Number of protein chains: 2
Amino acid sequence: MVKPILPGRPARGSKSGRPIMLLLDLLGRRWVLRLIWELREEPKRFRELQVAIGASPTIVNERLAELRATKLVELDDASGYRLTTLGKELLHLFLPLNVWSEKWANRLSA
Amino acid sequence: MVKPILPGRPARGSKSGRPIMLLLDLLGRRWVLRLIWELREEPKRFRELQVAIGASPTIVNERLAELRATKLVELDDASGYRLTTLGKELLHLFLPLNVWSEKWANRLSA
DNA sequence: CGTGATTGCTACAGTTTCTGTAGCAATCTG
DNA sequence: CAGATTGCTACAGAAACTGTAGCAATCACG
């Protein structure tokens with residue numbers, strides 16, 4: 001088990017508990033960005049997510065727990081895992097990456 | 001050695017090779033976001049980066065190599081590691097996270 | 001009722017990734 | 001020539017992740 005992400009507790013590699021450090025730590029954990037990305041449109045079930053990203057259930061569960069503890073994702077019995085209001089805000093900050101990544105890929109293959 | 005990030009090659013957990021998947025894979029690797037963040041203001045030396053984030057030289061070197069291969073970071077002999085133009089563009093997409101993370105932290109501790 | 005499907009999630013051995021420490025070759029400094 | 005700084009490598013031990021199996025709870029159908 002990895003150190004939890006919680007306010008006031010320092011992130012890995014940071015002595016301060018500054019929010020940006022916590023956030024970068026959280027987002028830098030394997031599959032976290034992908035999970036948020038997969039939930040960008042509609043809610044998904046546990047297995048659905050697992051298959052979509054191709055990770056083991058162990059780690060999918062762990063990451064989902066972290067995302068729930070940090071109020072970015074919630075589990076709705078009727079529809080499945082979905083982004084919270086906070087999670088949607090974060091997603092919107094990320095959406096420009098989609099467009100930018102195309103440009104980036106072009107520059108790489110050039 | 002982890003699978004390299006290169007255009008046309010699929011990211012971990014993705015069959016497609018779509019740029020956004022490559023980008024999310026790259027950014028989701030440990031320390032990558034932190035490294036970009038640490039370079040946001042001025043260039044830094046290898047050891048300086050290593051100390052700043054508190055990771056082992058092995059992995060710092062590996063991640064820097066990936067960031068160089070993907071043209072986000074470059075090494076200038078005179079000043080040290082720094083963001084490329086492309087890297088600065090990416091950083092600018094990330095800057096809003098800094099402000100947002102404060103709000104997020106407040107909501108968590110509430 | 002009872003059988004099967006779906007749900008979120010856990011157990012655990014094996015593999016990959018990362019850490020922590022030591023140290024090297026090359027370059028500059030005095 | 002000694003000392004400091006540079007980027008980087010080696011390697012054993014520790015931590016994180018995978019892949020597979022499976023469990024308890026809930027729901028649907030007959």
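These numbers come from a predicted model, not from an experiment. Convention: sequence-line order gives letters A, B, ...; per-chain numbering from 1.
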Does Asn61(A) make a side-chain N or O approach to OP1 or OP2 of dT10(C) shorter than 4.0 Å? yes

Does the side chain of Arg107(A) come within less than 4.5 Å of Leu86(B)'s, by heavy atoms? yes

In whole angstroms, how far is the C1' atom of dG22(D) from the CD atom of Gln50(A)? 13 Å

Using modelled atom types only, decide if a donor and an acceptor are shared between the side chain of Arg34(B) and the backbone of Leu24(A) within a distance under 3.5 Å. no

Between Arg63(B) and dT17(C), is there a contact of a side-chain N or O with OP1 or OP2 at under 4.0 Å? no

On the 0 to 90° scale, with breaks at 30° and 60°, tag the Phe94(B)-Phe94(A) ring pair as parallel, tilted or perpendicular. perpendicular

Protein-nucleotide distance (Phe46(A), atom CZ; dT26(D), atom C1'), rounded to Å: 17 Å

For Trp31(A) and dA16(D), is the shortest distance between a side-chain N/O and OP1 or OP2 below 4.0 Å? no

Residues passing the side chain to side chain donor-acceptor pair (under 3.5 Å) test with Lys103(B), sequence neighbours excluded, are Glu89(A)

Rounded to the nearest Å, what distance is computed from the CG atom of residue Asp25(B) to the C1' atom of nucleotide dT17(C)? 14 Å

Just how far, in rounded Å, is P of dG8(C) from CG of Leu35(A)? 13 Å

On DNA chain C, compare the nucleotides closest to Ser56(B) and Pro57(A); which residue's is nearer the 5' end? Pro57(A)

Arg47(B) CZ to dC24(C) P: how many Å, rounded? 13 Å

Closest to the Ile59(A) side chain: dC18(C), dA21(D), dC17(D)? dC17(D)

Roughly, in whole Å, what's the span from CZ in Arg30(B) to C1' in dA16(D)? 8 Å

Keeping the roles fixed (side chain from Trp37(B), backbone from Met21(A)), state whether a donor-acceptor pair exists under 3.5 Å. no

Whichever of Thr58(B) and Glu48(B) has its nearest DNA chain D nucleotide further upstream toward 5': Glu48(B)

Should the side chain of Arg45(B) and the base of dG7(D) be counted as holding a donor-acceptor pair, with the cut-off at 3.5 Å? no

Please give, in whole Å, the distance from dC9(C) P to Lys44(A) NZ? 17 Å

Interatomic distance, Leu64(B) CG vs dC18(C) P [rounded to whole Å]: 14 Å

As a test of reading the structure: which of dT9(D), dG7(D), dC9(C) is closest to the side chain of Tyr81(B), going by heavy atoms? dG7(D)

